[in-house]
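A quick write-up on the structure given underneath.
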Amino acid sequence: MTHQGQTTGQVRAVSSENASYPARAEVPVGKLCARFFHRDIRLAIRSTGQWLNPLLFFVIVVSLFPLGIGPGPNMLATIAPGVLWVSALLAMMLSLDTMFAHDYRDGTLEQMVVSGYPLSVIVIGKVLAHWVTSGLPLVLLSPLLGLMMQLPTDAYGVLILSLLLGTLSLSFIGAIGAALTVSISQSGVLLSLLVLPLTVPVLIFGSGAVSAVATGLEASAHVSLLAAIMALSVSLAPVAIAGAIRIGVAASR
Amino acid sequence: MSELMDFLSMGGYAFYVWTSYALTTIILLGIVIWSSRQLKQSRTQAIRRAQQHRKR
Amino acid sequence: MYRFADRLAPWLAGLCVLCLVAGLYLGLVVAPADYEQGDSYRIIYIHVPAAWMSMFVYVVMATSSAVFLIWRLKIADMVALASAPIGAAFTAVALLTGSFWGKPMWGTWWIWDARLTSELLLLFLYLGYLALRGALETPQSASKAAAILAIVGVVNIPIIHFSVEWWNTLHQPATITKFDKPSMHISMLRPLLLMVLAFQLLYFHNLMVRVRALILQRENRASWVAELAEKNHV
């Protein structure tokens with residue numbers, strides 16, 4: 001984009017003063033990505049809410065379903081894949097708006113844009129960190145909740161695998177929405193409206209995989225389609241995210 | 001007359017057929033009216049601006 | 001561009017009305033009743049064109065968004081912005097008429113049919129686009145952000161459609177396929193094509209009107225706008 005080139009000169013002085021930032025030398029792409037990954041992980045560990053909130057939300061929503069529908073084990077077992085997946089999806093949505101909001105508010109995001117490093121690489125690091133702090137805990141906790149939902153024992157492996165692939169795609173797809181709404185202060189509902197239609201395929205194949213196994217069918221078709229979606233979103237979304245962040249940052253100037 | 005009644009009754013499906021046609025008309029007409037109203041509004045604004053400009 | 005749109009509009013409107021009248025006459029009066037569905041199938045003459053337009057408009061929106069992002073053509077952004085409400089209206093029409101068709105045929109107002117479901121998701125995409133436009137304050141960033149969203153959406157539409165179809169066949173054995181009409185009699189097909197054309201023209205006419213309004217709003221400082229306003233329409 002054009003404005004990046006125009007402003008690099010003025011702001012570079014500022015960014016090299018900022019100690020938490022890599023000095024502007026030749027940094028390999030992988031290393032750059034890793035740096036932002038580590039930075040965001042450290043920040044997330046420091047603020048407990050960021051990784052704990054989606055997790056709590058997940059647990060609460062899943063445990064509300066038996067209360068609303070009734071504790072019959074057969075009923076629970078049939079709806080378990082859908083309930084687990086929808087709750088995981090909503091928990092991921094809940095954690096989205098913090099993804100870029102902090103860095104936007106304190107100006108760090110602007111520094112990233114003008115730093116001259118490839119923004120889409122930085123973004124990959126950030127989104128991966130977001131996934132590790134919000135998606136991965138959900139995946140790890142899901143067997144426990146599956147137990148509470150009377151999920152058949154054969155289905156646990158696929159549950160974990162599908163959530164692993166699915167939440168990663170959700171992080172990347174959701175990051176597009178988070179980046180588009182970064183300059184809007186009350187963005188919660190808008191963000192869900194933008195992102196939810198895009199996440200439908202992930203939900204369909206994810207819960208489909210789990211219920212296929214739970215009813216004794218093969219899940220490999222679902223899982224490979226999930227993997228395809230993940231590959232697609234990981235490779236294409238960073239470009240859109242980076243573009244959206246540039247626009248958001250330019251809007252605030 | 002009975003032909004007209006036959007036509008209007010739509011072989012017993014009158015309610016469904018005519019309601020959906022009516023709803024379609026309302027929605028599409030609504031958006032047409034909305035658009036032309038917007039055009040009229042921005043036209044009068046442009047004219048007003050042009051007149052102010054000339055006064056100065 | 002403005003003048004072009006101005007001249008074209010009455011022609012489009014005339015043609016559109018012509019097609020509408022002819023299509024409605026042929027569809028509602030001349031075409032015979034379907035032997036399976038009786039007269040209720042006549043909803044097809046608004047349902048199918050509306051569903052077709054809902055997707056066509058989205059593709060137009062995404063294409064002009066891409067043109068706007070790549071070449072910075074302001075008019076492309078206006079086309080995208082002007083298209084969104086029209087597309088949403090077509091989508092709403094397709095959903096409503098689908099439901100009114102479904103009630104006598106399937107016995108329920110709503111079923112999670114693959115096409116109805118993807119149409120519903122398409123409506124959400126339109127609404128999201130319009131909401132994002134409304135929420136961003138500076139016009140430039142609203143245009144660009146919405147353009148990115150439209151492009152992301154158009155990449156997703158085939159995936160969404162495919163997944164919904166797949167999901168649907170898994171959950172319900174194909175009971176609905178009798179609505180796929182591989183061979184339609186020419187007396188039924190002709191009005192359908194006319195109605196599609198009419199809806200298409202309706203869209204283009206409406207687009208012209210909205211784009212002209214947007215040009216007048218956005219370029220109101222340009223001297224030619226003032227000139228034109230005085231000369232033509234005082």
Side-chain angles (χ1 to χ4, degrees), chain B, chain C residues 9 13 24 28-29 33-34 37-43 45-47 49-50 82 85-86 88-90 92-94 96-105 199 202-203 205-223 225-234:
Chain B
M1 198 57 201
S2 70
E3 265 176 46
L4 185 68
M5 285 314 283
D6 264 0
F7 172 67
L8 285 181
S9 76
M10 275 289 151
Y13 291 115
F15 170 70
Y16 301 109
V17 174
W18 294 122
T19 326
S20 51
Y21 272 84
L23 282 175
T24 310
T25 317
I26 290 169
I27 292 176
L28 294 186
L29 211 63
I31 198 146
V32 167
I33 290 172
W34 178 31
S35 310
S36 52
R37 208 179 250 177
Q38 265 189 344
L39 180 58
K40 209 179 266 173
Q41 227 170 33
S42 34
R43 232 177 220 161
T44 45
Q45 267 173 4
I47 292 170
R48 200 174 303 144
R49 202 174 282 262
Q51 282 164 348
Q52 278 175 358
H53 195 72
R54 188 185 282 164
K55 269 179 208 157
R56 261 180 252 149
Chain C
L24 283 177
L28 290 178
V29 183
D34 186 73
Q37 305 177 29
D39 279 319
S40 75
Y41 91 96
R42 293 184 200 277
I43 295 176
Y45 296 122
I46 42 179
H47 176 69
I86 313 177
F90 279 126
V93 166
L96 281 171
T97 55
S99 154
F100 270 95
W101 193 8
K103 180 63 185 162
M105 287 300 102
F199 272 45
L202 180 78
Y203 163 61
H205 175 256
N206 216 313
L207 183 66
M208 294 294 170
V209 172
R210 297 186 81 88
V211 167
R212 272 187 294 167
L214 283 174
I215 294 178
L216 287 179
Q217 277 165 28
R218 289 201 187 168
E219 309 281 315
N220 56 16
R221 267 163 239 280
S223 60
V225 170
E227 248 173 58
L228 205 72
E230 291 216 310
K231 251 191 242 159
N232 288 9
H233 310 286
V234 173

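Protein chains get the first letters and strands the later ones, always in sequence-line order, with residue 1 at the start of each. Being a predicted model, the structure only gives us computed values, none of them experimental.
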* **Proximal component of Leu96(C), with respect to chain B [non-hydrogen, under 4.5 Å]** => side chain
* Is there a side-chain contact between Phe199(C) and Leu28(B), using heavy atoms and a 4.5 Å cut-off? -> yes
* Can you check whether Leu202(C) reaches Val32(B) side chain to side chain, under 4.5 Å on heavy atoms? -> yes
Please find the pair of heavy atoms, one from [X] and one from [Y], that lie closest to each other, and give the distance.
{"X": "Thr97(C)", "Y": "Ser20(B)", "value": "CG2-CB, 3.8 Å"}
{"X": "Pro85(C)", "Y": "Ile31(B)", "value": "O-CD1, 3.3 Å"}
{"X": "Ala92(C)", "Y": "Ile27(B)", "value": "CB-CD1, 4.5 Å"}
{"X": "Lys103(C)", "Y": "Tyr16(B)", "value": "CG-CE2, 3.3 Å"}

* How many angstroms lie between atom OG of Ser35(B) and atom CZ of Arg212(C), to the nearest 0.5 angstrom? -> 10.5 Å
* Could I get the full list of side chain to side chain contact (heavy atoms under 4.5 Å, CB included) partners for Ala82(C), not counting sequence neighbours? => Leu207(C), Arg210(C), Val211(C), Leu214(C)
* Qualifying residues under side-chain hydrogen bond (donor to acceptor under 3.5 Å, both in side chains), relative to Thr24(B), sequence neighbours excluded -> none
* To do: Pick one of side chain, backbone, both or neither for Leu23(B), based on which atoms fall under 4.5 Å of a heavy atom in chain C.
  => side chain
